[in-house]
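In the text below, chain A, chain B and the rest are named by the order of the sequence lines, each starting its count at 1.
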Amino acid sequence: MGQLEIEKIDETTFVLQMGPHHPATHGVLKLFCELEGERVKKIVPEVGYLHRGVEKLAEYKTYPAAMTLTDRLDYISSMSNNIAYCLAIERLMGIEPPVRAKFIRTMVAELTRLSSHLLWLATHALDIGAMTVFLYAFREREQILQFFEKICGARLTVSYPRIGGVRLDIKKNVLEEIYEFMKVMLKRVDEYETLLTENRIWIARTKGIGVISPEEAVSLGITGPALRGSGVCYDIRKHAPYDAYSEVDFEVPLGQQGDTYDRYLCRIREMRQSAFIVKQCIEKMPEGEILAEESPDMDLTPQPKRIIKGGESLWSGFVEFTDEKYELIPKGEIYSAVEAPKGELGFYIVSDGGGKPYRMRVRAPSFIHISAIPKLCEGHLLADIIAIIGTLDIVMGEADR
Amino acid sequence: MNNFIKRLFFIDLIKGLIITFKTIFSTPVTIRYPKQKRPIEHGFRGRHAFVRDPESGKERCVACTKCAQVCPSQCIYIDFAINSETGARVLTKYEIDALRCIFCGYCEEVCPVNALVLTEFFEYASYDRETNYFNREKLLNNWDNFIKHHEEVEYLNKFWYLPGINRKRIPSAKRIPKPVLKVMDKVEDS
Ligand code: SF4
Ligand code: SF4
C-alpha cells in the first residue's frame, strides 16, 4: 500500500517511513507519512509485525488453555483480557460466578485499568517530553504489579481468572494493603495533575491536537476513553454491567473538545474513579466461594465425551456406546464485550460442543484505533503524530494478535 | 486576569518544581538489583521443581499425565511403564522444556499429589539450551536448591490447596493444606 503512495508523489512531498522500530510508536507500528514540509498530508498505517496467530492457535487449545493466550493480547492489562474471555464462555454456558468472585474480578480489573493508564500516562508524557511523570508513574505501577504477584504469583501474564470464577482466593491482609495503597494512589494522581494539567508546555503540545468530533468518533468505531474524550457517553461498565459493576458506584468522566488534552483529562479522572471502585469492592466483598459449581475442570478433554450406557457392564467387559455425544460446552455462538482499559474488548466465540473453541475472534480496541490515525493526523505537524499515537493508547500485541 | 498572573509568574511550572524538589528528600524506591534483591512473594511462579518427599527421598509423581494434558504450551513430556505385579504406573521419563513454558501454573494446580511446584526461584537464565531443559534429576535438584535457601521450616504453595475453592471439587490430597517439611540433613547430602 505504501509503495503505491510513493509512486504518486511530486517534488514538494516527501514520504517518511516511521517505524516499525521507533520507540514512540508503542510497539511495532509502521506509518507511511506523506509530508509537505513538516505538515502531514496523508498517513497510512501498516500493521502485522507482531502477528502470532492467536485466534487460530486458540482453535487447537482447550477452553482453559486458550485463556493463557489472551494474556498476550494486550500484555499490559492482561487481567481484563482474561476476564473478557472467561465472561464470554460463562455467558455461553449460562453459568454465573459466585458473588465474591465477581467482586474480586471487578477489583483486579480496576487495578489493571490503573496500571494500564499509568503506563499510558508515563509513555505519553515521555513522548511529549515530560520525563518526571514517567518515573513517578512507574513507581506506582510497580506497586500494583506487586499486588498481582501477591494475588496470583505473576506480574504481567497473570492467568488469574478462570471460567466460572477465579483460581485463588485473596488473603485479607493483601486486601487491606490494596485498600491503603488506593488512598496513596489518589494523592499521586493529584501529583501527576500538578505536573501536567496546568503546565504551559503540556497544554501547547496537546490542546487542539488530534480533534475528532463525536459523530466521526462513533463512525470510526473508537471506544473507551478515546471516545469519551469527545463527549460520547458510552461505557460498557455502566450500560451493560457485568461482574459486580452494577453494585458499585462510579461516574463516567466525559470530555468536550475531543482533543488530546481532553482525552488526557478523561483518563486521569478515570484513574480516580478506578481507585474509588477498588475501595468499594474491598468494602463490599462478601465471604464465600470463588468458583461456580458448574464451571468446567482445568483438565477439560478436547473431544466431546460419549455417553456410556449401563455403567455396571464395564466389569464384565461389555461397554455400550450411544451415538449421542455429551456436550462439554454448549453448542452455539456468543459475542460478549467488556470495558478494557483501551476500549471495548469483545470476544466472539463459536462452540461446536467440544472442548475447544471452533472459532475465536477478538474485537481489539487498539486495532480499530489505529484505523483512526489517518483521520486524526491530517494537517498536523510531524511532531504531533507522536502525541496522537500516544493519546489513542495503542498496544500492538492486541492489534496484530 | 487571574490566569494571566499565573502565567506571568510561572506558577504552573513552580508548582511542578516544588513536587520534584520534595522528592529529593523521599526515600528512594529503586534497588541495586544484582547486589540487592526484592523479596519474592509467596507463590511466585518461577522455576519448576519436583518435590523431594521427606519420607521416601524421591519424587511423588504417580505418572497420571494430567499436567501434560493441561499444559497450554505442551512442554511437558511424560512416559511411563506399568508394573506388572502391582498394576501401578512407574514413571520412566519426565521432562519439562522450561524455555517453552509460559509459567501459567496450570500443571501444579492440577497435579493430584502435589508433586510438581513452581518455586520462587527466578534467576536461571543461561547461555545454552540444555540447562533449562529439565529432566527428573534436574527437577529434583531444583527443589533441593530452592529449599536450601527457603527461610521457613516448612513450605506450602498456595496452588497446592487452592484456597477458596469448594473442597469437593479437588483431589483428596489437595483438600487439606499439607506443607512439606524442610529436612536439613537430607538437603546437605545431595
Ligand atoms: S507452568 Fe504452564 S506452560 Fe509451564 S509447564 Fe506448567 S502448565 Fe506448562
Ligand atoms: S500431574 Fe503430578 S502426578 Fe500427574 S504426571 Fe504430572 S507431576 Fe506426575
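- In this structure, T20(B) OG1 and L135(A) CG are separated by 11.5 Å, a value rounded to the nearest 0.5 Å.
- Annotation: maximal heavy-atom pairing with chain A below 4.5 Å, among I165(B), V70(B), V29(B), occurs at I165(B).
- Atom CD of E59(A) sits in a crowded spot, with more than 12 heavy atoms from other residues, nucleotides or ligands closer than 6.0 Å.
- Between chain B and the residues T197(A), L291(A), L195(A), D71(A), the largest count of heavy-atom pairs under 4.5 Å involves L291(A).
- For K158(B) (side chain) and I151(A) (main-chain N/O), a donor-acceptor pair under 3.5 Å exists by modelled atom type.
- Once rounded to the nearest 0.5 Å, the distance linking CG of L13(B) with CD1 of I201(A) reads 6.0 Å.
- Enclosure of atom OH in Y60(A) is not indicated, since only 12 or fewer non-hydrogen atoms of other residues, nucleotides or ligands lie within 6.0 angstrom.
- Proximity to chain B is limited to the side chain of R72(A), based on heavy atoms less than 4.5 angstrom apart.
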Walk me through it: do R155(A) and E41(B) pass the test salt bridge (Lys or Arg N to Asp or Glu O under 4.0 Å)?
CA-CA 11 Å; R155(A) 290 154 58 86; E41(B) 306 299 342; over 6 Å; no
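- Residue contact with chain B, scored on non-hydrogen atoms closer than 4.5 Å, involves the side chain of Y136(A) exclusively.
- Contact of A292(A) with chain B is made through the backbone alone, with heavy-atom distances under 4.5 Å.
- Of the charged side-chain nitrogens involved, at least one lies within less than 4.0 Å of a carboxylate oxygen, so that R38(B) and E149(A) count as a salt-bridged pair.
- For F21(B), the CZ atom counts as loosely surrounded, since its 6.0 Å shell holds 12 or fewer non-hydrogen atoms of other residues, nucleotides or ligands.
- The 12-atom threshold is not exceeded at NZ of K172(A), counting heavy atoms of other residues, nucleotides or ligands nearer than 6.0 Å.
- Here the rule is side chain to side chain contact (heavy atoms under 4.5 Å, CB included) with I19(B), and of T194(A), T132(A), D190(A) only T194(A) fits it.
- Proximity to chain B involves both the backbone and the side chain of K150(A), based on heavy atoms less than 4.5 angstrom apart.
- Closest approach of I290(A) to P163(B), counting heavy atoms only: CD1-O, 3.5 Å.
- Using a distance-only test at 3.5 Å, with no hydrogens or angles considered, a donor-acceptor pair links the side chain of R45(B) to the main chain of C152(A).
- Heavy-atom distances place both the backbone and the side chain of R200(A) under 4.5 Å from chain B.
- Counting non-hydrogen atoms of neighbouring residues, nucleotides and ligands closer than 6.0 angstrom, the NZ atom of K284(A) exceeds 12 such neighbours.
- Neither the backbone nor the side chain of I18(B) comes within less than 4.5 Å of any heavy atom in chain A.
- Judged purely by atom type and a 3.5 angstrom limit, Y106(B) has no side-chain atom pairing as donor or acceptor with the backbone of T68(A).
- Considering only heavy atoms from C-beta on, K61(A) comes within 4.5 Å of Q74(B) through its side chain.
- A 6.0 Å sphere centred on OH of Y358(A) holds no more than 12 heavy atoms belonging to other residues, nucleotides or ligands.
- With a 4.5 Å cut-off on side-chain heavy atoms, F159(B) and L168(A) count as touching.
- For a residue to count as touching a neighbouring chain, one of its non-hydrogen atoms must lie under 4.5 Å from one of that chain's; by this rule E287(A) does not touch chain B.
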